[in-house]
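These notes are about the structure you will find just below.
Quick note: numbers below take in every heavy atom, side chains included, and nothing from hydrogens, waters or symmetry partners. Predicted model, so just to flag it, every value in this text is computed and none were measured.
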Amino acid sequence: MPDSFSTHVLDITSGSTETVLDLTRDCEAFLHEVAGGRDGLLNVFVPHATAGVAVLETGAGSDDDLLAVLHTLLPGDDRWQHRHGSPGHGRDHVLPALVAPHATLPVIGGRLELGTWQSVCLVDTNKDNPNRQVRLSFLG
């Protein structure tokens, strides 16, 4: 099958604060370019040791709630064995165990098949590295 696999890398500047960044429009634009109305799978992957991908509601407070929960579970203090970077940076290296660095999502008729309130988001708690890449891969 020609063009059954396509990939694209997004260069993201996440800033100097903890963030949940909505990537849904980027995912939809990529699929519009490559899916051609086909069914398949979209894989979203963050090749970083301190970031993850989440599917959740944004804009109604859930994104802030996620960051608050992560702060409770992974405090930014000196308890971490991994000690390079800013104080508490070791927590950022534990994040991908809780928020996986990937998500695989259904594509139906060339469109991302998300629930009504779901968004695809980059979760980045690492204030030391604002430059991120996100790899989008479509298998149709």
Side-chain angles (χ1 to χ4, degrees):
M1 173 191 255
D3 299 317
S4 61
F5 182 80
S6 299
T7 190
H8 175 70
V9 175
L10 302 172
D11 290 310
I12 305 287
T13 301
S14 59
S16 59
T17 60
E18 298 175 2
T19 189
V20 174
L21 183 64
D22 191 340
L23 302 173
T24 308
R25 286 189 179 153
D26 296 301
C27 293
E28 290 170 340
F30 171 68
L31 290 172
H32 180 75
E33 242 180 74
V34 302
R38 293 176 291 158
D39 294 351
L41 296 171
L42 174 68
N43 183 265
V44 182
F45 176 69
V46 182
H48 299 283
T50 58
V53 176
V55 177
L56 75 154
E57 179 181 10
T58 59
S62 297
D63 35 356
D64 291 332
D65 290 341
L66 174 59
L67 291 175
V69 165
L70 290 172
H71 223 343
T72 299
L73 293 173
L74 305 172
D77 57 23
D78 65 355
R79 72 183 69 201
W80 306 100
Q81 299 298 311
H82 189 103
R83 293 189 182 270
H84 77 85
S86 298
H89 174 65
R91 73 183 287 265
D92 301 324
H93 286 273
V94 177
L95 173 76
L98 301 176
V99 181
H102 60 88
T104 301
L105 306 163
V107 176
I108 307 297
R111 296 181 52 119
L112 194 55
E113 192 70 15
L114 292 172
T116 302
W117 304 111
Q118 289 180 318
S119 296
V120 181
C121 300
L122 170 67
V123 180
D124 190 357
T125 59
N126 183 355
K127 298 180 269 187
D128 292 342
N129 184 5
N131 300 312
R132 299 298 188 173
Q133 290 187 323
V134 178
R135 179 173 297 280
L136 305 178
S137 299
F138 174 69
L139 178 61

With a 4.5 Å heavy-atom cut-off, do R132 and T50 have their side chains touching?
-> yes
Would you call T125 and V99 a side-chain contact if the rule is heavy atoms closer than 4.5 Å?
-> no
Here the gap from I108 atom CD1 to L41 atom CG, rounded to the nearest 0.5 Å, amounts to 8.5 Å
Side-chain heavy atoms under 4.5 angstrom apart, residues restricted to Ile, Leu, Val, Met, Phe, Trp, Tyr: same cluster for L66 and I12?
-> no
Mind checking whether L136 and C27 have side chains closer than 4.5 Å, heavy atoms only?
-> yes
T58 and D63 side chains, donor-acceptor separation under 3.5 Å | no
Are the side chain of D128 and the backbone N or O of S86 linked by a donor-acceptor pair below 3.5 Å?
-> yes
What heavy-atom pair brings L56 and C121 nearest, and what distance separates the two atoms?
-> CD2-SG, 3.9 Å
Any donor-acceptor pair under 3.5 Å linking the side chain of R38 with the backbone of A35?
-> yes
Side chains of L112 and V120: closer than 4.5 Å at any heavy-atom pair?
-> yes
Supply the atom-to-atom distance T19 OG1 to N126 CG, rounded to the nearest 0.5 angstrom.
-> 12.5 Å
What pairs meet the ring pair (Phe, Tyr, Trp, His ring centres under 6.0 Å) rule with one or both residues in residues 6-33, with sequence neighbours excluded?
-> none
Specify the closest pair of heavy atoms between S137 and T7, including all atoms of both residues, with the distance to one decimal.
-> OG-OG1, 3.0 Å
Closest approach of P130 to G15 (non-hydrogen atoms, all atoms of both residues) | CB-O, 3.3 Å
Close side-chain approach of H71 and R91, heavy atoms under 4.5 Å = yes
Would you check if L105 and E113 make a side-chain contact, meaning some heavy-atom pair closer than 4.5 Å?
-> no
Treat each ILVMFWY residue as a node, draw an edge where side-chain heavy atoms are under 4.5 Å apart, and state whether V107 and V134 are in one component.
-> yes
Between A51 and P96, which heavy-atom pair has the shortest distance, and what is it?
-> O-CG, 3.7 Å
Indicate the atoms forming the closest heavy-atom contact of H89 with H84, along with that distance.
-> CD2-O, 3.2 Å
P87 backbone acceptor or donor facing W80 side chain under 3.5 Å = no
How many angstroms lie between atom CG of L74 and atom CG of D92, to the nearest 0.5 angstrom?
-> 8.5 Å
Report yes if some heavy atom in the side chain of V94 is under 4.5 Å from a heavy atom in the side chain of H82; otherwise report no.
-> no
Donor-acceptor pair, R79 side chain versus G90 backbone, under 3.5 Å?
-> no
Does some side-chain heavy atom of N43 sit less than 4.5 Å from a side-chain heavy atom of R135?
-> no
Joint hydrophobic cluster, L23 plus F45, side-chain heavy atoms closer than 4.5 Å | no
Mind checking the CD-CG spacing from E18 to L70? Nearest 0.5 Å is all I need.
-> 8.0 Å
Same cluster (ILVMFWY, side-chain, under 4.5 Å), F138 and V55 | yes
Atom pair CG/OG1 of L67 and T72 - distance to nearest 0.5 Å = 11.0 Å
L122, L95: one ILVMFWY side-chain cluster at the under-4.5 Å cut-off?
-> no
